[in-house]
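Below, chain A is the first sequence line, B the second, and so on; all start at residue 1.
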Amino acid sequence: MITDHLPVLQVVIPLLAAPLCVVLRGSFAVRQFVKVVSGLTFLCSLLIFTHVTRHGAMGYELGGWQPPWGIEYRVDALNAFLLLIISGMAAVILPYGTRSILREIPREQHHLFLAIFLVCVAGLLGIAVTADIFNVFVFLEISALSSYALIGMGRSRRALTAAYQYLIMGTIGSTFLLIGIGLLYMKTGTLNMADLALRMPPPHESSTVIAAFAFLSVGVSIKLAVFPLHTWLPNAYTFAPSMVTAFLAATATKVSFYLLLRIVFTVFGVGFAFEAMHLQLLLPPLALAGIFVASTVAIFQTNIKRLLAFSSIAQIGYMVLGLSFGTATGLTAGIVHLFNHAVMKSSLFLAIGCVSFALGAVDLRAMRGLGRRMPFTMAAFLIGGLNLIGIPFTAGFVSKWYLILAALEQQRWFVAGFCLLSSLLAAVYIGRVVEAAYFHDPDPQLTARPVPRGMLAPLWLLTGASLFFGIFTSFPVGAAQRAALLLLGGAP
Amino acid sequence: MSLVLPVLLPLAAIPFLIAAGERHANRREAVSLAAGALLFLHLLRLAPAVFRGARPETRLFDFLPGIAFGFRLEPLGMLFALVAALLWIATTLYAIGYMRGHHEQHQTRFYTCFAIAISATMGAALARNLLTLFLFYELLTFSTVPLVTHHGTDEARRGGRTYLGILLGTSVAFLLPAILLAWHLAGTLDFTDGGILRGTAERPMLMLLLALFAFGIGKAALMPFHRWLPAAMVAPTPVSALLHAVAVVKVGVFTMLKVLVYIFGIDLLHELRLSDWLAYVAGFTLIAASLVAMFQDNLKRRLAYSTVSQLSYIVLGGAVATSAGALGAGMHIAMHAFGKITLFFCAGAIYVAAHKTRVSELDGLGRRMPFTFAAFALAALSIIGLPPGGGLWSKLLLALGTADSGHTLLLAALMISSLLNVAYLLPIPMRAFLAQPPQVQEHEDEAHPHGEAPLPSVIALCFTAACTVLLFLAPTPLYRALQGMVLTGGTP
Amino acid sequence: MSPGLFNDWIVIFLMMTGFYTLITRGNLIKKLIGLGVFQVSVFMLYISMGKVEGGTAPILTEGVVHYSNPLPHVLILTAIVVGIATLAVGLALTVRIQEAYGTIEEDEIRELGGIE
């Protein structure tokens, strides 16, 4: 049955498609080909998701080797949801990208660019699907190396330095991860995450395990851009090609968040992470500082891509905050926000990509009067912005609701108040852009070229999704709740 | 379905409004009027059963687990919906005259946003729980921003910023946490006769909750969060009339009453003396706003401050926690709506016909515009609470309710404020009818000979003024209808 | 100092050397060298981890009971490949930076507006 092979197909399809892109060469052919591939990948994760929702977790033994000796792919409620997000984003953003790269990448490099993109998708999907922690490292590097290359292909020469900075930071992060994995292996003799959890010695017996925990969480935090380890993110997002920014913002940090969840909850367990390591005291200050600092910095940005990048750092803070509660509601908040933020932030970046396509500029001055000149794009931006603020009827509201509820459950009034305050900061930075777009007269010197429908359709698909999931919340909330229970050791 | 219809009807009109556009203005306005008439008739068909004690309800879907999105009719909401629907018709009629007489731009956008705002008002009036109400509350805020900034001038933009800033700020910073806290404490958010919070928390916690609600409902314009109301007066007059004398502000006090009556419960408020401070804040606001109103020369600003003051009557009625007070508050929503909308209609009519916005310029204008100023005088009497205005009854009930509660100081405040009302409202028609027109402007007036405003506007303002008199003559149906609000709760 | 910990000390020394180079050097190539040393130190951590005292190379031979653990060695083969790839991408970027800015010194690039 093909169902049994779905977990591995999920990774293999984009991975094998990448070299085919290089073989195909022709820009047009490759651009059509990647759309088909992303569709297939999405179909694959859709099938996995329905299967997991109906029948519970599915496993796949690579090469027929039994776990814990062989590498196992294992999909449960949490990563089935994540697979759906990653491949869904790829399936929406690739059709957009096949248009937007026309103005950003030289034609003779299209096939290489898209090939690297597919490798990046495969890497991210691999991190999500595998149950082997060393395999996680390998896929992490596959996705990271390809994203350095993707960012480096941005139009401005600053993209190169941004990619270089990211490379240095990212490699430090993944090397930390490697150290952590090594220390764990030293202590337990296994690499399978479920098996690791069983063999984990109690914290007071082994300082090696504590060191492993520290290396792993710091390593992942660099990848996740948790404040104050976020310095690589703004430049990387600002100077990367539009589709890369949208895709990375929607998926790369989300996958890192997933990894943090896995490490903290599946591998080490709540008892270790919260009772021995006191994550509930360590993480909230970082998360809150990140939210506050990044939102404040975002207010003063004139480059809109950069503004959104800082907003991403703040939103990552929300997710980490959700995790730091260590409760079912908190985790639900974190995972729901993972989904919602992927949708809303990618729609915002796609909107800005449209602006960049039309005007060739993305600063605040260029935004003036765009409400009239590019009504569809700016309406989408506005809705995305309302999502960030967390206005009712948008997906962002649902995240905020759960996050504050989680804070109230633990009687952390201060944290709850802070979350609310920060959404006002979001209102300020979004408000500046919206005001420029709707209340200022356009710069007559800038001529806007029309944005193709092929770019507007994906944009509005995501915008529509962010509204849809703000009203009919049962899909993301249900999936997140199942995943949260799973992480806390409840029903699968 | 019949319960959802009030929300859908105005929305259903929008495609037709846009299709008609600026070119078929007649058709566009006919659609607006027809939708209003249908809405009113539909509500009229629903109303009798509700006033006899039926509580029809519907749940459409679960918005969040345990919190349904749906509607439930009860007397207060029913009455509010009826008033708003009736006044929508009147305002549309008025707007036809005003907008054309004044050659406003973007009239289609105006009518569209108007329809959304009415839909949101209906949703808020008929909501079955606090979260549904909140969703529509926010929708109302956003749908009215384009109306406030309609002129697109710097002043309009500033006004819009203050408007959005205060309304959004209070709702996000206070109202949302209040709702979350209520959900956390009670485990439900349904509007229930007698309240949902009994026995869920200690007095200090309930006090905090009430404070969050009181200041979170920024639309109720309790000081110090009242400044958005005068700021919003930059809007075209029909907007000020319906939205800032009826829909928006009334949704504010309506929400406040709903919270006091159906979330806290009057009995609980009374037993624990939770809301005494709120009554005093309202008392302060009503005096202070009246005093400010006296010194406003701009007619619309004067009316705006008068609205701030009258809203506090309603809040005070709920906060003294007696059944007479709550009844009076409910009635005052209707009475004040008819009175204040007439006053705004008159202000707009004066502006369109005579291009005058200041009270000091109105000398002798009554002879040219007799209907307008007669209507103004009647409405002013109703607001003050003198015969032959319906306001007499609601103010009487409010005074009775305050006396029941034993707050003599507040009773005094009510009386003083009524005197202040006399002092700032009555001079306007008196100047118009009795004072001599200024000689200096003689030839200027010859250059712009004018009589009454356009006919539709005059019809509209005469109609609403007639309603105030009608409510004076026959207040009993209103009283009977609202009794269900306090009686089913088991209050003596 | 017990002989068992000797390898660990070397690992830590190499790791810190690499890290220090990475942080203090302004030359992009030197930074990459630092990064390389930093990564290699971790490879050594893995390799020494796999050693079982008294064990021989993990090749099935008659009469031998104790073998070293081959798994860390295999793992580190993968990690070495990853490290080479990283270095390659890093060097490629450096070449492009040299083309775009005419320099690979961090402070000079900063003057040209390449880094904030």
Side-chain angles (χ1 to χ4, degrees), chain A residues 68-69 71 116 119 132-135 137-142 144-154 156-172 174-187 189-191 208 215 219 231 234-235 238-239 303 306, chain C residues 8 11-12 15 18-19 22-23 25 28-29 31-32 34-50 69 71-72 74-76 78-102 104 106 109-110 112-116:
Chain A
W69 296 283
I71 292 173
I116 303 175
V119 172
D132 184 285
I133 198 163
F134 192 81
N135 209 220
F137 164 76
V138 175
F139 278 122
L140 195 69
E141 282 298 53
I142 290 178
L145 284 170
S146 48
S147 55
Y148 308 146
L150 289 173
I151 292 168
M153 289 172 95
S156 137
R157 65 177 182 176
R158 302 203 31 202
L160 296 169
T161 40
Y164 186 90
Q165 274 183 332
Y166 184 21
L167 180 131
I168 298 288
M169 284 297 277
T171 308
I172 293 175
S174 48
T175 309
F176 270 34
L177 213 62
L178 193 61
I179 299 171
I181 295 168
L183 294 176
L184 274 186
Y185 181 75
M186 208 185 262
K187 213 59 208 173
T190 180
L191 290 168
T208 312
F215 274 114
T231 46
N235 281 333
T238 310
F239 299 111
N303 182 317
R306 208 178 173 77
Chain C
D8 291 2
V11 167
I12 290 171
M15 193 182 280
F19 213 33
L22 185 61
I23 293 168
R25 296 298 126 169
L28 299 188
I29 299 278
K31 270 179 180 292
L32 286 177
L35 196 68
V37 173
F38 179 57
Q39 282 183 305
V40 165
S41 73
V42 183
F43 304 160
M44 295 195 56
L45 176 79
Y46 269 70
I47 294 167
S48 40
M49 180 202 306
N69 185 350
L71 188 67
V74 179
L75 293 181
I76 226 57
T78 317
I80 288 170
V81 174
V82 169
I84 290 169
T86 312
L87 208 59
V89 174
L91 288 172
L93 278 172
T94 315
V95 171
R96 292 286 314 277
I97 290 172
Q98 158 74 25
E99 283 169 8
Y101 292 91
I104 51 166
E106 214 174 34
I109 296 172
R110 185 171 287 123
L112 293 167
I115 304 171
E116 289 202 346

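Chosen from C:Thr78, C:Leu45, C:Thr94, the residue pairing most often with chain A at heavy-atom distances under 4.5 Å is C:Thr78. Of the listed residues C:Val82, C:Leu28, C:Leu93, the one with more heavy-atom pairs under 4.5 angstrom with chain A than any other is C:Leu28. Note: A:Phe134 leads A:Tyr148, A:Phe134, A:Tyr185 in heavy-atom pairs under 4.5 Å with chain C. Per-residue heavy-atom pair counts under 4.5 Å with chain A were compared for C:Val42, C:Val11, C:Ile76, C:Asn69, and the maximum is reached by C:Val42. The most heavy-atom pairs under 4.5 Å with chain C, out of A:Ile168, A:Leu183, A:Leu178, come from A:Leu178.
For chain A, the nearby parts of C:Ile97 are the backbone and the side chain; heavy atoms of each come within less than 4.5 Å. Both the backbone and the side chain of C:Thr86 come within contact range of chain A, with heavy atoms under 4.5 Å apart. With a 4.5 Å cut-off on non-hydrogen atoms, C:Val89 touches chain A through its backbone and its side chain both. With a 4.5 angstrom heavy-atom cutoff, A:Tyr166 does not touch chain C via any of its atoms. Using a 4.5 Å cut-off between heavy atoms, A:Ile142 does not touch chain C at all. With a 4.5 angstrom heavy-atom cutoff, C:Phe19 touches chain A only via side-chain atoms. Within the 4.5 angstrom heavy-atom criterion, only side-chain atoms of C:Ile109, from C-beta onward, approach chain A. In this structure, chain A has a heavy atom under 4.5 Å from the side chain of C:Leu22, while its backbone stays farther away.
At a cut-off of 3.5 Å, with distance as the only test, no side-chain donor of A:Tyr164 or A:Asn235 sits close to an acceptor on the other residue.
Salt-bridge formation is detected for the pair C:Glu106/C:Lys31: a Lys NZ or Arg NE/NH1/NH2 atom is positioned less than 4.0 Å from an Asp or Glu carboxylate oxygen.
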| task | Could you walk me through whether C:Ile104 and C:Val95 pass the side-chain contact (heavy atoms from CB on, under 4.5 Å) test, one step at a time? | result | CA-CA 8 Å; C:Ile104 51 166; C:Val95 171; over 6 Å; no

| said: Quick one, C:Phe43 with C:Tyr46, criterion ring-ring contact (aromatic ring centres under 6.0 Å, His included). Give me CA distance, side-chain angles, the key distance, then yes/no. | reply: CA-CA 5 Å; C:Phe43 304 160; C:Tyr46 269 70; 8.2 Å; no

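Taking OG1 of A:Thr238 as the reference point, atom CD1 of A:Ile151 lies at 10.0 Å (rounded to 0.5 Å). Rounding to the nearest 0.5 Å gives a distance of 9.5 Å between CG of A:Leu191 and CG of A:Asn135. Interatomic distance, A:Phe139 CZ to A:Asp132 CG, rounded to the nearest 0.5 Å: 10.0 Å.
Screening residues 40-49 of chain C for salt bridge (Lys or Arg N to Asp or Glu O under 4.0 Å) gives no qualifying pairs among residues at least two apart or on separate chains.
Around CZ of C:Arg25, the count of heavy atoms belonging to other residues, nucleotides or ligands within 6.0 Å does not exceed 12.
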